[in-house]
There are 2 protein chains.
Amino acid sequence: MTLDALPAHQGGAENLARLLARALLTGHWQPGDVFPKELDIGQHFSVSRNQVRNALASLSAAGLLERTAGRGTQVRAMSEWHLLDPLMSEWMTGLMNLDPQLVRAIYAFRFSAEPLVAGLAAQAASADDIARLETAFEGMQRTAGQPEARHQHIEHDVAFHDVIYQATHNLVWRQMGHLLRPSIMALVHRSQHDIKTLDDSLARHGHVLKAIQAGDVAAAEAAAREVLRRTAIDLGIVPDTLSDGR
Amino acid sequence: MTLDALPAHQGGAENLARLLARALLTGHWQPGDVFPKELDIGQHFSVSRNQVRNALASLSAAGLLERTAGRGTQVRAMSEWHLLDPLMSEWMTGLMNLDPQLVRAIYAFRFSAEPLVAGLAAQAASADDIARLETAFEGMQRTAGQPEARHQHIEHDVAFHDVIYQATHNLVWRQMGHLLRPSIMALVHRSQHDIKTLDDSLARHGHVLKAIQAGDVAAAEAAAREVLRRTAIDLGIVPDTLSDGR
DNA sequence: GATTGATGAAATGTCAGACATTTAATAAGC
DNA sequence: GCTTATTAAATGTCTGACATTTCATCAATC
């Protein structure tokens, strides 16, 4: 893989890092491949070696690359990636063509964890949390079925899930919510087609809201599971086969 | 807080980063405090500005610091820390005097998540996973009650928990297992005092092993919950009050 | 002929200094 | 008193040189 296939960049080491990271996340390089050397990258994008080094340092910190003095820079396998690094999360935002294997893994995680999280939220949610959850849900209702408001609808949907993670009032789960944001966004983007599907999805979200309002742990878990089943159907994933290859 | 109270450092930007990170993690600075400037740090530790900048870049990436041109470097609040960043995990390894609030938050997370993880492991564990789990358990048994082998006992204990996360065969949970390693280590260190406690802990671990061997999801969840209850008792944590302050 | 050692090229890592940019405080001017 | 220059101080950036690590090549020696 060469640099020529990549889009131009708009200046700034962060932009360069994002650009290269996205190329890696979408599989433009294979694990074990040698990555272009600093000077070549700098020349190709017309940036200083400093910028390149800063960008590569970020990618290296995220486990996407392995750099060793004298040898060069190598691309690491997906199992080495630091999926929970906030940088990754940022780079993944808006990426619609993520590696399918990665999408499945993240969905599988949510499918196992989110019911539990909803249950914790039902226990720990404050009045503020519930108000935020209601706002998000009303936003989803208001924008449902309006093609011109699709973007807003997705925003509300993602916010709904995020609030649930926040409502656990646990530092670790909260981080998790932030990190999953882009993945959830990507999943939501892929699902939700016709009106019928959308209504069903909306109803299932409503059940989660009601359960959390009532503080009913078991109901919240069950309702969250139903929301994710809906997502799975939309994505064409069979829930029985969620674990990664052995 | 000044730099004078910190230990000397052994060269290398990574060591410097770890040193400063640990000072932050153990509360040597308060949120909002201004952090020493690059040149002062460099002078104090006799390292180049480059090293300092690299170290500070890491701390900044982990959410410990916020750097803004012209103003300086500020210390961020714990809620802003990227707890799931692998760097954090590395910096926390071996730290015995973590902030109590942080210890509680991490334990609360494990208390909620680990039963689920054990259940997933019971579903997905391969023969290799089970073999590793048995090895770890046997190691725990072999070194139990021998004060001179305490370090090894802890290693086996941590390995036991790690294997469970690995056995889910899910990329995200696996990462989680790696990240929690140092925290688990710290928790295990604090617990396990007398023989009686240790025997009880060992028995509870054994139940988890048996359930996973049998592929019994519900039993694995219940057994993992019992292991964590034991830990909670040792730590003096009341499981009912696990959610963070509202 | 195989092993060892010396040499050199090529990559990343480090340093030092100058300069740019941002921010905030201070002084000047109306 | 308010606005606007000026200045100081911090982080950010660039550049060129040098250091270090790694690997390949080739030669020397046994």
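Just so it is clear: chains get the letters A, B, ... in the order the sequence lines come, proteins before strands, and each one is counted from 1. All figures in this text were calculated on a predicted structure; none of them were measured in a lab.
Bracketed by its first and final contacts, the part of DNA chain C lying under 4.0 Å from non-hydrogen atoms of chain A reaches from C/dA11 to C/dT14 in 5' to 3' order.
Heavy atoms from other residues, nucleotides or ligands lying under 6.0 Å from CD of B/Q43 number 12 at most.
Both A/N50 and B/T73 sit near DNA chain D, but only B/T73 has its closest nucleotide nearer the 5' end.
Every residue two or more places apart in sequence or in another chain was checked for a ring-ring contact (aromatic ring centres under 6.0 Å, His included) with A/Y165, and none qualifies. Under the rule for a side chain to side chain contact (heavy atoms under 4.5 Å, CB included), the partners of A/A159 that lie at least two apart in sequence or sit in another chain are A/A136. Listed by chain and number, the residues in a ring-ring contact (aromatic ring centres under 6.0 Å, His included) with A/W173 are B/F109 (sequence neighbours excluded). Evaluation of the side chain to side chain contact (heavy atoms under 4.5 Å, CB included) rule for A/S60 yields A/R67 as partners, not counting sequence neighbours.
A tilted orientation is assigned to the rings of B/F35 and B/W29, their planes being inclined by 30° to 60°.
If you measure from atom CD of A/E38 to atom C1' of D/dT21, you get 14 Å, rounded to the nearest angstrom. Between the CZ atom of A/R53 and the C1' atom of D/dC14 there is a distance of 14 Å, given to the nearest Å.
For A/H153 and A/D157, the side-chain atoms include no donor-acceptor pair closer than 3.5 Å.
Of the residues in residues 61-71 of chain A, those with a non-hydrogen atom less than 4.0 angstrom from any atom of DNA chain D are A/A69, A/G70, A/R71.
Distance alone, capped at 3.5 Å, places no donor-acceptor pair between the A/R49 side chain and the A/L39 backbone.
Judged by distance alone with a 3.5 Å cut-off, no donor-acceptor contact links the side chain of A/R49 to the base of D/dG16.
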